[in-house]
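For reference, the structure is listed below as structure tokens.
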Amino acid sequence: AEEAEEAEEAEEAEEAASPTEAPEAQDGSSGHYLLGEGLLAALGHRAEEVAPQMTAQNIILMLNASAKLGWQPQASLLHALEKRAGSVVPQMTAQNIASILTAYAHMRRDPGELLLRQLMKRADRLANLMSPEQVANSLNALAVLGEEPTGHLMVALSDRVEAVAPRMSSAAVANTLDAFARMRTTPRDDVRKALEDRAEELAPTLSGHNVSTVIHAYAVFGRLGLGAPRGRLLANLMQRAHDTAEEMNAKDVAWVLEGYQMLWQLIEYQLVDAVQDNRLQKGNDEAVLSTYSMAWKMRQLKRMGTLLMKALGRRAADLCGDMDPEDIALVLGAYSKVGEEIPGDLMLGLERRIKQVAPHMSASDVATTLNAVPDLRKDPPLVAALERRARLVIPEMSGQDVAHALNGYRRSNLLPPESVVALFGQRALHEASGLAAMDAATILDACATIWPAADERLIDALETRIADVASAMGSAEVARVYRAAAKLRGQIGAPLLKALAAQALKIVPSMTATEVAAVFASLADLGSSPGPELLAALAQRARKAAPKMTAQEVSGIMSGYALMWKEHSASALESMHSMPEANASDAQDQLYLMEQLGRSLMTALGRRAEVVSPLMTAADVAQVLDAYASLRLAPTEPLLAKLAHQAQQVVDTMSAQDVAKTLRAYAALKVARQEGAVESSFG
């Protein structure tokens with residue numbers, strides 16, 4: 001009897017594959033074709049009659065068979081099986097529990113509250129007897145069924161995972177991590193370490209599907225705030241994904257692309273945090289060394305990532321015809337966020353597939369695909385197909401979806417049809433009060449860029465929301481809102497600008513050269529003085545970022561800074577007249593320090609201008625010369641010569657304003673030089 005039971009359990013375990021993917025009929029046909037409607041009906045009728053005599057193994061084999069055959073049993077039969085299962089739960093083994101849960105997961109059928117509660121109670125009692133595969137399948141099945149273990153059951157299953165992790169197969173490791181990811185919960189630290197140790201050991205043998213599942217799980221954990229897996233494991237996973245790309249299916253490729261993008265972003269964030277921590281721990285050699293080590297690892301991973309993206313791109317191009325809307329959205333989103341250009345073959349395949357599946361896309365898929373349109377060829381039939389679908393699903397879009405879609409239009413400089421614009425406006429207004437900082441900034445920027453007649457109610461709602469969440473904004477969002485505010489000018493009120501300035505002051509040290517340039521240009525366009533603290537912080541950051549600036553960024557910052565310095569210095573001098581002598585002396589000292597900072601900034605920008613002068617437009621040359629003239633500073637002789645040469649190259653493209661500015665600047669510099677004021681005065 002024991003041997004017979006062991007044989008039955010072995011057969012049952014073999015039938016109970018991972019619940020991640022439902023099994024199919026062995027020859028790809030439905031069970032109706034294999035057995036015929038009459039025989040299936042007869043077997044179903046008889047199964048219902050004998051259900052009260054069935055063992056746990058009989059029930060499990062019935063459920064697995066129905067899933068594999070693609071056969072949906074009658075409700076009365078399912079009810080009879082569930083009733084019988086409930087009566088035999090107390091006799092079920094650990095294998096029975098794992099198998100029956102997996103069977104219901106295969107069928108994507110809820111076993112019912114009563115039976116599920118009985119099964120979970122039995123799983124709690126038997127958790128410490130479960131094999132690696134049993135605990136992995138139990139967790140994964142519960143996740144697929146949308147039932148997160150709570151209380152003691154989660155503790156018991158987690159304890160068992162930690163205990164058996166060193167013996168887990170690659171499939172068990174993948175299924176366990178997938179289970180936690182599906183439940184949107186992170187494993188305990190000890191459980192995570194045990195799984196990472198085993199995953200690292202097994203990484204060189206993982207199948208394409210399993211490595212994709214593991215990478216996807218860690219990407220989900222990253223969104224939940226857990227951080228990236230340790231460097232060696234991540235490197236091993238990336239290498240294995242590269243090696244197995246040719247065996248991956250469309251979903252696997254999409255998951256790896258999206259996972260790689262997410263994990264790479266996490267590593268960048270970790271490095272930025274480390275650098276900022278080290279800035280607060282000056283003299284801590286160990287912390288500095290750790291940061292250098294992390295930066296070196298990032299470079300190594302970036303090289304591996306480039307090879308991985310190429311391998312996945314080739315495989316994705318082969319599989320475009322099998323991709324569903326979610327796969328397409330993941331692939332496009334990954335390429336957009338990583339900043340990689342979509343390979344030609346993949347681009348053509350995706351465009352063809354998007355046109356085919358657009359009528360079936362969800363609201364989120366439409367938004368993600370529209371966001372990626374600039375990375376494709378802006379093919380009119382493709383955009384039209386997406387807009388037809390958008391008209392139907394915009395009312396279901398989240399605020400983030402609206403932001404993604406509008407960002408695609410902004411990046412591609414396309415204007416949606418009026419009917420689509422109206423729907424986006426209504427949805428954005430509906431979602432405005434709950435928008436995240438990035439999404440609110442993106443929608444406001446879209447209103448300013450591609451939406452010349454945006455509803456004033458929407459602008460007001462976005463302005464209110466951004467003022468509320470400004471303290472959560474990063475440098476990219478702050479720069480984006482400043483750009484939008486400059487374009488909208490009179491429609492943006494003082495409360496938003498005040499909140500924005502306060503946040504900008506906090507995050508200036510993390511701004512890129514492009515972001516600093518955008519803030520300078522926007523403040524200049526707004527005619528708004530940022531205040532001495534913010535002006536000094538922006539100048540300091542611009543000075544440090546100058547070596548990475550483009551010609552347009554150099555000219556924009558010079559022009560913006562000159563304008564703001566003149567306003568600030570005039571205001572400061574005027575206020576000194578009404579101050580007590582002691583206070584006026586302090587104010588004069590502060591003004592002197594800011595003047596020195598301004599000189600330092602112009603010196604750094606001048607050095608960069610020498611390098612990028614051949615790339616300057618007529619407007620750039622005019623702005624640079626005008627900035628020096630306004631500040632009563634003289635460019636170095638080499639810079640002046642290069643600017644003169646470039647002015648000759650672009651003179652035929654100068655506008656009336658450019659010509660006037662350039663001549664005025666030369667005249668002012670000549671006068672200043674004659675008066676000897678250049679060396680002694682600033683502004």
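Taking 4.5 Å as the limit, every side-chain heavy atom of Phe221 sits out of range of all side-chain heavy atoms of Pro229. Side-chain contact between Met323 and Leu350: present, with at least one pair of heavy atoms (C-beta onward) separated by less than 4.5 Å. Under the 4.5 Å side-chain criterion, counting only non-hydrogen atoms from C-beta, Leu157 is in contact with Met130. Contact check for Asn96 versus Arg122: no side-chain heavy atoms found under the 4.5 Å cut-off. Looking at heavy atoms from C-beta onward, Leu423 lies out of side-chain contact with Arg427 at the 4.5 angstrom threshold. Residues Phe424 and Met397 have side chains in contact (heavy-atom distance under 4.5 Å, counting atoms from C-beta outward). The shortest distance between side-chain heavy atoms of Gln134 and Gln95 falls below 4.5 Å. Looking at heavy atoms from C-beta onward, Met183 lies in side-chain contact with Leu139 at the 4.5 angstrom threshold.
Thr102 contributes atom OG1, which lies 11.0 Å from atom CG of Leu63 (distance to the nearest 0.5 angstrom). The structure places CE of Met92 at 4.0 Å from CD1 of Ile100, a figure rounded to the nearest 0.5 Å. Here the straight-line distance linking atom CG of Leu81 with atom CE of Met62 works out to 5.0 Å at 0.5 Å rounding. Atom OG of residue Ser212 and atom CZ of residue Arg240 lie 13.0 Å apart, to the nearest 0.5 angstrom. Interatomic distance, OH of Tyr409 versus CG of Leu370, reported as 5.0 Å (0.5 Å rounding). A distance of 5.5 Å separates CE of Met120 from CG of Leu142, quoted to the nearest 0.5 Å.
The two residues Val366 and Ala390 have their closest heavy-atom pair at CG1-CB, 4.0 Å. Scanning both residues, Ser158 and Phe180, for their nearest heavy atoms gives OG-CZ, 4.3 Å. Taking all atoms of both residues into account, the shortest heavy-atom contact from Leu126 to Ala94 is CD1-N, 3.6 Å. Closest approach of Ala217 and Asp178 over heavy atoms only: CB-N, 4.3 Å. Heavy-atom minimum distance, Met168 versus Val135: CE-CG1, 4.0 Å. What you find for Leu319 and Ala250 is that their closest heavy atoms are CD1-N, 3.5 Å.
Remark: Tyr104 engages no residue in a side chain to side chain donor-acceptor pair (under 3.5 Å) (not counting sequence neighbours). With sequence neighbours left out, Lys193 forms a salt bridge (Lys or Arg N to Asp or Glu O under 4.0 Å) with Asp197. Every residue meeting the side chain to side chain contact (heavy atoms under 4.5 Å, CB included) condition with Glu515, not counting sequence neighbours, appears here in chain and number order: Ser475, Ala476, Ala479, Met511, Thr512. Applying the salt bridge (Lys or Arg N to Asp or Glu O under 4.0 Å) test to Asp345 and every residue at least two apart in sequence or in another chain returns nothing. Every residue two or more places apart in sequence or in another chain was checked for a salt bridge (Lys or Arg N to Asp or Glu O under 4.0 Å) with Glu133, and none qualifies. Under the side chain to side chain contact (heavy atoms under 4.5 Å, CB included) criterion, Glu113 pairs with Arg117, sequence neighbours left out. Among residues two or more places apart in sequence or in another chain, the side chain to side chain contact (heavy atoms under 4.5 Å, CB included) test is passed with Arg167 by Pro132, Arg160, Val164. Shown here are the side chain to side chain donor-acceptor pair (under 3.5 Å) partners of Asp190, two or more places apart in sequence or in another chain: Arg188. Considering only residues two or more places apart in sequence or on other chains, Gln74 meets the side chain to side chain contact (heavy atoms under 4.5 Å, CB included) condition with Ser76.
No donor-acceptor pair under 3.5 Å is formed between the side chain of Asn236 and the backbone N or O of Leu233. Although no hydrogens or angles enter the test, the distance criterion places no donor-acceptor pair under 3.5 Å between the side chain of Asn175 and the main chain of Asn137. Using modelled atom types, one side-chain atom of Arg389 and one backbone atom of Pro359 make a donor-acceptor pair closer than 3.5 Å. Within the 3.5 Å criterion, the main-chain N or O of Gly208 finds a donor-acceptor partner in the side chain of Glu247. Using a distance-only test at 3.5 Å, with no hydrogens or angles considered, a donor-acceptor pair links the side chain of Glu477 to the main chain of Gly474. Side-chain atoms of Arg480 never come within 3.5 Å of backbone atoms of Thr442 as a donor-acceptor pair (strictly under, hydrogens ignored).
Applying the salt bridge (Lys or Arg N to Asp or Glu O under 4.0 Å) definition to pairs two or more places apart or across chains, those involving residues 200-216 are Arg198-Glu201, Glu200-Arg230, Glu200-Arg232. Applying the salt bridge (Lys or Arg N to Asp or Glu O under 4.0 Å) test to residues at least two apart or on different chains, the pairs with a partner in residues 314-332 are Lys251-Asp324, Lys251-Glu326, Lys251-Asp327. Sorted by first and then second residue, the pairs that involve residues 346-359 and meet side-chain hydrogen bond (donor to acceptor under 3.5 Å, both in side chains), not counting sequence neighbours, are Glu351-Arg377, Arg353-Gln356, Lys355-Asp379.
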Stepwise side-chain contact (heavy atoms from CB on, under 4.5 Å) test for Leu206 and Leu237: CA-CA 9 Å; Leu206 291 174; Leu237 290 173; 3.8 Å; yes

Between Arg391 and Glu387, does the salt bridge (Lys or Arg N to Asp or Glu O under 4.0 Å) criterion hold? Intermediate values first, please. CA-CA 6 Å; Arg391 287 185 179 89; Glu387 287 174 344; 5.3 Å; no

Is there a side-chain contact (heavy atoms from CB on, under 4.5 Å) between Leu308 and Met304? Walk through the geometry before answering. CA-CA 6 Å; Leu308 174 60; Met304 294 178 65; over 6 Å; no

Is there a side-chain contact (heavy atoms from CB on, under 4.5 Å) between Met107 and Leu78? Walk through the geometry before answering. CA-CA 11 Å; Met107 296 175 67; Leu78 289 171; 4.0 Å; yes

side-chain contact (heavy atoms from CB on, under 4.5 Å) between Trp255 and Ile215, worked out: CA-CA 7 Å; Trp255 271 13; Ile215 289 174; over 6 Å; no

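The only member of Ile342, Asn371, Asp365 that meets side chain to side chain contact (heavy atoms under 4.5 Å, CB included) when paired with Leu332 is Ile342. Among Leu346, Ile354, Val331, Leu348, the one residue that satisfies the side chain to side chain contact (heavy atoms under 4.5 Å, CB included) test with Cys320 is Leu346.
Ion pairing between a basic and an acidic side chain is recognised when a charged N comes within 4.0 Å of a carboxylate O; Arg109 and Glu82 show such pairing.
Side-chain contact, Thr213 with Asn210: no donor N or O sits under 3.5 Å from an acceptor N or O.
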